[in-house]
Enquirer: 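Dropping a structure here in structure tokens format, bear with me for questions.
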Amino acid sequence: MSSAYPVPESSTGAPVCPRHPDRVSYVSCQRCGRPACPDCQRSAAVGIQCVDCVKVAAKSVPSRRTIFGGVARAGRPAVTITMMAICVAMYALDLAIPKDFIFQNFAYAPFFTETEPWRMVTSAFLHSTNLMHIAFNMYALWILGNALEPAFGRVRFLAVYLVSAFAGSVGVLLLSPIDTVVVGASGAVFGLFGALFVVQKKRGGDLRQILVLLAINAAIGFIIPNIAWQAHLGGLIAGALCTAAIAYAPAKNRNLVQWGGIAAVTVILLALTVYKVSTFPAFTLVS
């Protein structure tokens with residue numbers, strides 16, 4: 001094969017590897033024709049290629065996609081693990097730092113909405129000191145994340161998770177007293193329950209187990225005190241709506257429909273938040 005690039009040579013005239021000029025190499029890349037030392041050689045279907053040509057070829061190969069259009073990746077669910085790691089780290093910090101600093105600065109209550117709106121999301125990464133609270137949420141997140149993240153792809157899964165977390169706080173804002181303080185990933189987790197329900201329905205799977213599980217968890221929210229069923233409801237609805245946009249988007253303009261649907265859900269949640277805050281009596285707002 002004729003070389004597409006100048007072939008570098010040593011002072012003695014022997015061909016040398018362009019990436020390692022101190023190494024003589026009589027093996028040439030089958031694609032570009034340049035010499036390639038052992039460290040720069042890669043086996044290919046047509047013989048030996050240099051590492052540079054392999055990188056160029058890899059960029060030209062379309063990435064594999066999941067059934068819902070996300071980038072297919074092998075290995076563990078990275079987003080799920082990251083969300084779990086953040087929750088566990090915040091839980092440990094809350095125990096380690098005195099005077100409830102983490103809780104006081106990142107937990108959510110409706111009266112914080114106007115002045116510290118970020119609490120509507122940060123509260124989803126906090127948990128009470130009750131070990132069962134974080135243990136249940138992390139177990140559910142691990143199970144649901146392993147099922148949904150590979151199907152959605154990382155970016156879509158993260159979007160559903162965060163929108164559901166935000167929706168959980170919106171549910172508390174709309175349906176709870178203004179001084180209700182909440183923490184926990186359960187709003188986001190219920191969003192994933194809603195997502196799984198939509199995915200199963202789209203695939204024609206059995207919905208009975210999911211419905212039973214949802215019914216049990218919904219009942220727990222009303223039976224056991226200090227559990228914010230309002231957050232569960234908000235997350236469940238938002239997760240299902242976002243996933244409906246992902247799962248039922250047509251092949252044509254799929255990305256536009258999917259991200260447009262998720263954006264529409266987010267805008268609705270923001271509109272509900274602004275409306276509700278506008279009804280607050282002035283004296284209830286804190287600075």
Enquirer: Provide the full list of ring-ring contact (aromatic ring centres under 6.0 Å, His included) pairs with a residue in residues 174-198, sequence neighbours left out, each pair given once.
Expert: Phe190-Phe193, Phe190-His232

Enquirer: Quick test of your reading: applying side chain to side chain donor-acceptor pair (under 3.5 Å), list the pairs with at least one residue in residues 239-253, sequence neighbours left out, ordered by first then second residue.
Expert: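 Residue pairs passing side chain to side chain donor-acceptor pair (under 3.5 Å), neighbours aside: none found.
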
Enquirer: Go through the structure and list residues passing side-chain hydrogen bond (donor to acceptor under 3.5 Å, both in side chains) with Asn146, not counting sequence neighbours.
Expert: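 For Asn146, no residue satisfies side-chain hydrogen bond (donor to acceptor under 3.5 Å, both in side chains) once neighbours in sequence are set aside.
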
Enquirer: Once side-chain hydrogen bond (donor to acceptor under 3.5 Å, both in side chains) is applied, do any residues pair with Thr80, and if so which ones, sequence neighbours excluded?
Expert: Glu149

Enquirer: If a pair satisfies side chain to side chain donor-acceptor pair (under 3.5 Å) and one of its residues is in residues 188-203, list it, with sequence neighbours excluded.
Expert: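 As it turns out, there is no side chain to side chain donor-acceptor pair (under 3.5 Å) pair with a partner in residues 188-203 once direct neighbours are skipped.
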
Enquirer: Restricting to side-chain hydrogen bond (donor to acceptor under 3.5 Å, both in side chains), what partner residues turn up for Ser176, sequence neighbours left out?
Expert: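 Only Gln230 meet the side-chain hydrogen bond (donor to acceptor under 3.5 Å, both in side chains) criterion with Ser176.
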
Enquirer: Using distance only, find each side-chain donor-acceptor pair of residues 266-276 under 3.5 Å and give its atom names and separation, not counting sequence neighbours.
Expert:
unit_1: Thr266; atom_1: OG1; unit_2: Ile262; atom_2: O; d: 2.9
unit_1: Thr273; atom_1: OG1; unit_2: Leu269; atom_2: O; d: 2.8

Enquirer: Hey, could you give me the SG/CZ distance between Cys40 and Arg23, rounded to the nearest 0.5 Å?
Expert: 7.0 Å

Enquirer: List in chain and number order the residues that pass side-chain hydrogen bond (donor to acceptor under 3.5 Å, both in side chains) with Asp22, two or more places apart in sequence or in another chain; answer none if no residue qualifies.
Expert: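 With neighbours one apart ignored, the set is empty.
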
Enquirer: Phe136: which residues meet the ring-ring contact (aromatic ring centres under 6.0 Å, His included) condition with it, sequence neighbours left out?
Expert: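 Phe136: no ring-ring contact (aromatic ring centres under 6.0 Å, His included) contacts found.
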
Enquirer: Strictly by side chain to side chain donor-acceptor pair (under 3.5 Å), give each pair with a member in residues 151-169 just once, sequence neighbours left out.
Expert: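 Sorted pair list: Arg156-Asn255, Arg156-Gln258.
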
Enquirer: Ignoring hydrogens and geometry beyond distance, is a side-chain donor-acceptor pair present between Tyr108 and Thr113 at under 3.5 Å?
Expert: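 Yes, because at least one side-chain N or O of Tyr108 sits under 3.5 Å from a partner of the opposite role on Thr113.
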
Enquirer: Hey, what else clusters with Val27 if you join Ile, Leu, Val, Met, Phe, Trp, Tyr whenever side-chain heavy atoms sit under 4.5 Å?
Expert: Ile48

Enquirer: Only pairs at least two apart or in different chains count here, so list each ring-ring contact (aromatic ring centres under 6.0 Å, His included) that has a residue in residues 66-90.
Expert: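 Those involving residues 66-90 are Phe68-Phe152.
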
